[in-house]
Peer 1: 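Handing you a structure now.
Worth knowing before you read on, the calculation uses all heavy atoms, side chains too, and leaves out hydrogens, waters and symmetry mates.
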2 protein chains.
Amino acid sequence: MSSAKSRDALMQELEEAMRRSSAQGVMYGQAVANMAGISNSDMECMDILHLEGRVTAGRLAEVTGLTTGAITGVVDRLEKAGYVRRERDESDRRKVFISVVEEKAMEIGKFYVPMQEAMLKLWSSYTDDELRLLLRFANDGYKGVLQATEALKAVIEMPPEQRADLKMPPKSRR
Amino acid sequence: MSSAKSRDALMQELEEAMRRSSAQGVMYGQAVANMAGISNSDMECMDILHLEGRVTAGRLAEVTGLTTGAITGVVDRLEKAGYVRRERDESDRRKVFISVVEEKAMEIGKFYVPMQEAMLKLWSSYTDDELRLLLRFANDGYKGVLQATEALKAVIEMPPEQRADLKMPPKSRR
DNA sequence: GCTAATTATCTTAGTTGCTAAGATATTTAT
DNA sequence: ATAAATATCTTAGCAACTAAGATAATTAGC
């Protein structure tokens with residue numbers, strides 16, 4: 001029982017620590033977007049392009065949750081600033097592929113140097129086995145968040161009375 | 001040398017896994033804000049209030065990076081919707097403390113239930129020692145991001161020529 | 001204790017980026 | 001051919017932001 005309690009406390013601390021660092025990470029991203037002179041959404045699209053490579057405008061709308069109209073604006077701005085190029089798909093000429101202009105995108109990459117150095121320094125203090133645990137955790141965490149997003153959609157479609165029956169998460173004390 | 005290489009690969013995978021899960025976490029937060037019918041910034045302020053408790057309008061501006069004028073709007077909306085209360089500080093009547101109306105804020109908390117259940121499930125598959133490692137990592141990571149944010153400010157104040165000399169982070173291949 | 005400077009928030013005008021709805025262009029199905 | 005579906009773009013209107021300055025309260029200098 002006393003061991004269970006300390007485990008609960010551990011989990012609560014963990015939740016808060018992750019919330020804090022994640023919030024701070026968001027702030028860092030905003031600061032970078034600011035310095036690059038582009039909006040948050042523009043930055044998010046650059047990030048998606050970096051992770052997924054060449055994608056269509058529609059895919060960007062899907063992933064960001066923005067309307068296709070908004071994406072037109074995002075791509076207009078990024079293209080004007082020279083960060084991306086529009087490329088019509090020759091086999092289906094309705095589609096527009098967006099691809100990164102690497103030379104220009106590197107200018108943004110520089111702003112991530114402080115963050116990457118901080119992370120490298122942090123990671124260097126862990127053993128290979130510990131890093132493997134962290135990797136497993138990050139991957140499992142990603143799956144968990146994806147599942148949670150699905151579950152959240154289920155809440156939307158729930159009738160309000162049933163929604164009220166949801167048990168609340170344990171509140172953190174401060 | 002081959003062990004060093006696998007360690008580098010590990011770190012690169014880790015970086016990407018963390019980027020992905022963090023991006024997905026942001027998406028989840030946006031979905032919750034949407035369902036609660038409040039904007040992203042409003043949600044972020046609610047989060048800060050949850051983490052820091054009763055804070056002044058100025059503090060919200062400081063932490064979010066918004067102008068004080070924008071915060072006035074945020075608090076107006078949140079107050080109108082019943083999520084927070086304005087309370088003038090009696091000892092310094094220029095200050096306005098913002099405090100959460102818990103009963104109303106719980107309505108938002110419900111949307112976090114899927115996420116918290118996913119996290120609890122995830123964490124339950126780790127031993128106490130492993131959780132302690134994760135906690136240490138999350139805390140160190142927070143400190144790292146804070147430091148990186150400071151270092152980023154240094155880049156701003158750097159003359160452009162010097163900025164160009166910054167070594168680029170290793171690019172991930174895909 | 002008066003005056004100036006500072007601090008904290010609010011107000012206003014103008015800008016940006018979003019959505020919703022629908023236009024355009026292309027492809028697929030009947 | 002014609003209709004339906006798909007992918008992007010355009011437009012009008014709106015929500016939330018910034019910059020600048022107004023207001024009100026506090027602190028510091030004389």
Peer 1: Without decimals, in angstroms, what is the distance between B:Asn40 CG and D:dA16 C1'?
Peer 2: 12 Å
Peer 1: Out of D:dA25, C:dT27, C:dC10, which has the shortest distance to the side chain of B:Asp92?
Peer 2: D:dA25
Peer 1: Strictly under 6.0 Å, is that where the ring centroids of A:Phe137 and B:Tyr126 end up?
Peer 2: yes
Peer 1: Is any side-chain N or O of B:Ser41 closer than 4.0 Å to OP1 or OP2 of D:dC17?
Peer 2: yes
Peer 1: Take the protein atom CG of A:Leu60 and the nucleotide atom P of D:dT8, then report the distance between them rounded to whole Å.
Peer 2: 9 Å
Peer 1: Would you mind reading off the distance between B:Asn34 atom CG and D:dA15 atom P, rounded to a whole angstrom?
Peer 2: 15 Å
Peer 1: If you apply the rule salt bridge (charged side-chain N to carboxylate O under 4.0 Å, His left out), what do you find for B:Glu16 with B:Arg19, and how did you get there?
Peer 2: CA-CA 5 Å; B:Glu16 237 164 70; B:Arg19 257 167 96 136; over 6 Å; no
Peer 1: Do the side-chain N or O atoms of B:Arg94 get closer than 4.0 angstrom to the phosphate oxygens (OP1, OP2) of C:dT7?
Peer 2: no
Peer 1: Assuming nearest nucleotide by heavy-atom distance, tell me which of A:Glu90 and A:Ile38 is located more 5' along DNA chain C.
Peer 2: A:Ile38
Peer 1: Between A:Gln30 and B:Thr64, which heavy-atom pair has the shortest distance, and what is it?
Peer 2: OE1-O, 4.1 Å
Peer 1: Report the distance from atom CZ of B:Phe97 to atom C1' of C:dA8, rounded to the nearest whole Å.
Peer 2: 12 Å
Peer 1: Would you call B:Arg86 and B:Glu79 a salt bridge, using N to O less than 4.0 angstrom?
Peer 2: yes
Peer 1: Would you say B:Arg77 reaches D:dA15's phosphate, i.e. side-chain N/O to OP1/OP2 under 4.0 Å?
Peer 2: no
Peer 1: Could you state the CD-C1' distance from A:Gln30 to D:dC17, rounded to the nearest angstrom?
Peer 2: 13 Å
Peer 1: By the 4.0 Å heavy-atom rule, please label B:Gly58 as base, sugar-phosphate, or nothing.
Peer 2: sugar-phosphate
Peer 1: Do the side chains of B:Val145 and A:Met115 get nearer than 4.5 Å, heavy atoms only?
Peer 2: yes
Peer 1: State which of D:dT8, D:dT18, C:dT26 makes the closest approach to the side chain of A:Arg93.
Peer 2: C:dT26
Peer 1: Could you tell me how far apart A:Asp89 (CG) and D:dT6 (P) are, to the nearest whole angstrom?
Peer 2: 17 Å
Peer 1: Thinking salt bridges, do A:Glu107 and A:Lys104 make one under a 4.0 Å N-O criterion?
Peer 2: yes
Peer 1: Kindly point out which of D:dT8, D:dT18, C:dC18 is positioned nearest to the side chain of A:Val74?
Peer 2: C:dC18
Peer 1: Between B:Lys95 (NZ) and D:dT27 (P), how many Å, whole number?
Peer 2: 9 Å
Peer 1: Compare the minimum distances between each of D:dC17, D:dT8, C:dT11 and the side chain of B:Ala70, then state the nucleotide with the smallest one.
Peer 2: D:dC17
Peer 1: When you measure from the side-chain N and O atoms of B:Thr67 to the phosphate of D:dT18, is any distance below 4.0 Å, counting only OP1 and OP2?
Peer 2: yes
Peer 1: Which residue, A:Gly73 or B:Asp42, contacts DNA chain D at a nucleotide closer to its 5' end, judged by nearest heavy atom?
Peer 2: A:Gly73
Peer 1: Using a cut-off of 4.0 Å on non-hydrogen atoms, how would the nucleic acid contact of A:Arg86 be classed: base, sugar-phosphate, or nothing?
Peer 2: sugar-phosphate
Peer 1: To the side chain of B:Val96, which of C:dC18, C:dT9, D:dT8 is closest?
Peer 2: C:dT9
Peer 1: If I take atom CD1 in residue A:Ile71 and atom P in nucleotide D:dC9, what distance separates them, rounded to the nearest angstrom?
Peer 2: 10 Å
